[in-house]
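See structure below.
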Amino acid sequence: MFAIAPAQGKPLLSKAQASLLVGKARWIHAVAERGLPVAPTIVITRAAWEELQQERSNGGDTLRRVWVATLFKLVKPGTTPPELVVRTSANKHIAGLQSARVGLAAPGKEMDAVDPQRPMGKAIQAAFASYGPENAGWAGDAEIERRRNELVIVQAMADGTIEQFLSRNLVTGGFGPVPMQGAKLPRLPDIEPLIETLDAVSGQHMAVLVAIKPNEAQFLSARPVEVSAGAQLEAAVDRVERKIWTPAQAVKHFDSTQLPQLLHPRLATRSDAEPVGVGLGVSPGAASGEIVFTAEDAARCRARGRHCILVVMETGPGDIEGMKAATGFVTARGGMTSHAAVVARITGKPCVAALRSLQIDPVNGVCKIGDRKFAAGERITIDGNEGLIYEGALALSRPHIGGALSRLLDWADDSRTIAVRTNAETIEAARTALSFGAEGIGLARSEHMFFSAERMIALRRLILSENEHDRATALEGLVDYQAADYAALFATMQNKPVNVRLFDPPLHEFLPRSDEDIEDTAASLGLSVKALKARLQRLSEVNPMLGHRGCRLVITYPEILAMQIRALVAGVETAMDNQDLPVNLEIMVPFVTSAREVSWVKSRVNEYIGNAEIFQRGANVAFGTMIELPRACLRAGDIAKEVDFFSFGTNDLTQTTYGISRDDAPAFLASYHRKALYDVDPFVTIDQRGVGELIALAIERGRAVNPHLKVGICGEHAGDPTSLRFFAGLDIDYVSCSPYRVPVARMVLAQS
């Protein structure tokens with residue numbers, strides 16, 4: 001219990017007292033410390049209030065005398081004690097917190113100062129109660145301490161006219177004062193020093209409460225106001241320009257989770273497309289995907305790597321997991337403040353609500369939007385800016401970093417020591433990542449270059465070949481495809497590192513499944529349907545994610561490895577013929593369990609590369625492995641002797657550490673979350689105590705025998721802010737994530 005804005009003089013706080021200040025108390029103290037007019041204010045912690053009550057029941061008065069002395073710091077000597085205001089002061093908004101209690105009579109006697117039945121004591125007691133019930137019996141020390149340090153403010157009632165204004169513009173982020181929505185800006189004396197002080201200490205848009213007196217605005221309180229990510233960004237840069245913050249402070253205070261909201265795709269063009277439905281655009285951006293009608297289907301669709309649009313009558317809290325999985329939402333009901341709209345804006349996804357023409361038949365898996373009927377799995381495009389629905393997958397424009405965001409990210413790069421690469425194997429993805437500041441490619445999945453129909457036939461011909469001669473024939477066509485792709489990729493990245501993962505296809509992902517697909521594939525390969533089905537049966541695996549894939553594939557079929565190395569060398573040669581900068585190629589072996597596997601592949605790679613003239617002309621090549629199995633982590637010391645780098649594939653490492661299929665996990669993870677068995681989805685946020693410990697162990701063992709070992713993280717966890725903060729504490733050189741998560745990684749790693 002101490003004064004943060006005494007009636008006379010500046011506040012004198014110890015470090016321990018200052019460390020307790022959060023929310024309103026912190027802002028009031030900062031304004032008072034600068035010497036600006038503030039309503040006299042004191043604070044008391046829950047622990048102190050409870051001790052006062054305990055002492056009261058025991059008949060003591062030691063703490064009471066201190067409390068009364070603290071209350072007198074609200075009163076100027078020789079003046080009448082003012083009426084009081086009691087407020088809560090939390091670090092962040094908590095639903096149900098008590099509103100300010102104003103006009104409370106000051107205690108008439110010392111005993112009244114601690115009596116919970118008297119006006120002031122009753123208000124304090126109610127304010128602490130509004131923070132919520134006592135911690136459960138299993139609460140940890142930190143949680144118990146946090147509750148003991150919860151604050152209540154007691155403030156002298158101010159004279160003058162009470163006015164309210166905004167510290168910054170809600171849309172542009174421009175410096176205030178700005179009128180509250182729907183109100184006129186009151187006449188204010190020189191208010192800039194107050195706004196600057198609040199702006200510096202809070203780093204937020206604030207609704208400011210003051211008492212206007214002649215030639216003076218006395219500060220009473222403030223509360224944060226939610227604004228768009230764009231407004232926050234512009235405000236952060238403006239603070240630096242006004243010298244309120246340093247560039248490092250701007251980086252530190254910016255909420256990195258808001259960055260995706262600044263990177264929304266938009267419809268490239270609508271000139272030839274007519275909307276099939278018109279609703280209310282409640283969350284910006286545009287997205288295409290398969291229609292799903294339940295949150296569970298959305299989770300399953302996302303687990304299989306496909307984009308989907310969740311189409312429902314309305315959403316509720318029970319749909320959160322599915323909403324996280326969906327690319328966008330369409331609801332028949334609701335508006336700007338509906339559950340779907342709020343979640344969409346928080347997660348940065350497009351949403352169209354109030355689509356009155358929407359009818360859903362969940363039994364038959366169809367819906368109607370206006371006169372058009374859609375079945376589950378059909379593709380639509382939604383525009384959350386205009387509230388429009390389109391049939392099919394329309395082209396989307398890719399946003400570009402510029403202006404304030406570019407400056408903020410440049411400042412972030414000044415303090416960042418861990419490089420940020422991207423996971424990309426197409427020119428479009430690589431260019432997008434470069435525009436977002438990627439410093440190389442950390443994962444180019446070679447098998448992903450075959451997703452077009454023509455190339456898929458060539459890859460299937462390889463997979464379905466029954467002898468070495470057939471495979472060799474099939475491989476000839478693949479060399480040309482890959483060599484051209486690699487050349488274009490190297491040219492796009494110039495001399496930035498490009499890490500190419502050797503073939504790692506769980507074969508089932510590339511084989512035909514439906515009868516129609518099997519018939520088409522058989523025809524393209526010149527086989528009978530019966531013969532093709534026989535071959536598919538022989539290739540069938542019970543658990544293909546743990547089967548014939550990764551290094552096992554190239555060890556079994558060395559000609560596949562030879563083809564890939566030939567294609568890589570040819571790609572490097574073509575790129576180097578057309579540029580002055582050297583290509584920096586990294587070859588990565590996936591799914592290894594032992595140093596022997598790595599050594600075998602390495603020796604073959606060296607044989608195939610041999611004395612390739614291109615590497616004598618300045619092109620660089622490094623050899624490494626993807627660490628994605630627990631045994632590889634445990635044997636990292638042995639493996640490190642054979643390689644130049646490790647790159648951790650956290651997706652498969654999580655899958656194999658937990659013994660959970662990431663494809664099937666959504667069916668039960670929601671139940672685990674509800675029952676508090678898992679705090680987070682381990683495929684979204686890295687499991688620090690299990691998977692994280694394996695990564696740390698592998699790095700330690702690898703670097704012990706190979707001090708020059710380069711270490712990267714290339715799983716999708718490398719774009720998750722919580723996971724990135726964990727990785728920043730490890731001895732790593734780079735992270736690699738999908739292109740649109742590159743800005744997030746740049747920011748979080750700088751903040752960490």
Donor-acceptor contact below 3.5 Å, side chain Glu216 vs main chain Lys213: no
Atom CZ of Arg725: over 12 foreign heavy atoms under 6.0 Å: yes
Evaluation steps, salt bridge (Lys or Arg N to Asp or Glu O under 4.0 Å), between Asp410 and Arg407: CA-CA 5 Å; Asp410 286 344; Arg407 294 181 67 186; over 6 Å; no
Min side-chain heavy-atom separation Met180-Leu166 under 4.5 Å: yes
Donor-acceptor under 3.5 Å (Arg416 side chain, Ile418 main chain): yes
Non-hydrogen side-chain atoms of Val43 and Leu20 separated by less than 4.5 Å: no
Considering all heavy atoms, the nearest Thr88-Lys24 contact: O-NZ, 3.4 Å
Within 6.0 angstrom of Phe72 CZ, more than 12 heavy atoms from elsewhere: no
Counterpart residues, side-chain contact (heavy atoms from CB on, under 4.5 Å), relative to Thr79 (two or more places apart): Val75, Lys76
Side chain to side chain contact (heavy atoms under 4.5 Å, CB included) assessment of Thr685 paired with Phe726: CA-CA 10 Å; Thr685 299; Phe726 171 73; over 6 Å; no
Greater than 12 external heavy atoms within 6.0 Å of Asp414's CG: yes
Side chain to side chain, Met1 and Leu63, heavy atoms closer than 4.5 Å: yes
Minimum-distance pair of heavy atoms, taken over all atoms of Met206 and Ala222: CE-CB, 3.6 Å
Heavy atoms of other groups near Arg148 CZ, more than 12 under 6.0 Å: no
Asn58, CG atom: more than 12 neighbouring heavy atoms under 6.0 Å: yes
Between Ser167 and Asp199, a side-chain donor and acceptor under 3.5 Å: no
Leu12 atom CG, over 12 foreign heavy atoms within 6.0 Å: no
For Gly132 against Arg147, the heavy-atom pair lying closest together: O-NH1, 3.1 Å
Check: Val201 main-chain N/O paired with Arg26 side-chain donor or acceptor under 3.5 Å: yes
Closest approach of Leu310 to Ala326 (non-hydrogen atoms, all atoms of both residues): CB-CB, 4.0 Å
CD (Glu226) with more than 12 external heavy atoms under 6.0 Å: no
Whether His253 and Trp245 hold their rings parallel, tilted or perpendicular, with breakpoints at 30° and 60°: parallel
Shortest non-hydrogen contact between Ser130 and Ala127, atoms and distance: OG-O, 2.7 Å
Donor on one side chain, acceptor on other, Trp67 and Glu110, under 3.5 Å: no
Set of side-chain contact (heavy atoms from CB on, under 4.5 Å) partners for Thr62, sequence neighbours left out: Glu55, Arg65
Neighbour count >12 (heavy atoms, 6.0 Å) for atom CD, Glu693: no
Interatomic spacing from OG1 in Thr45 to CD in Glu50 - rounded to 0.5 Å: 8.5 Å
Beyond-backbone contact of Pro107 with Leu71, side-chain heavy atoms, under 4.5 angstrom: yes
Closest non-hydrogen atom pair, Pro193 against Thr197: O-OG1, 2.8 Å
Partner residues of Arg356 under the side-chain contact (heavy atoms from CB on, under 4.5 Å) criterion, sequence neighbours left out: Ala354
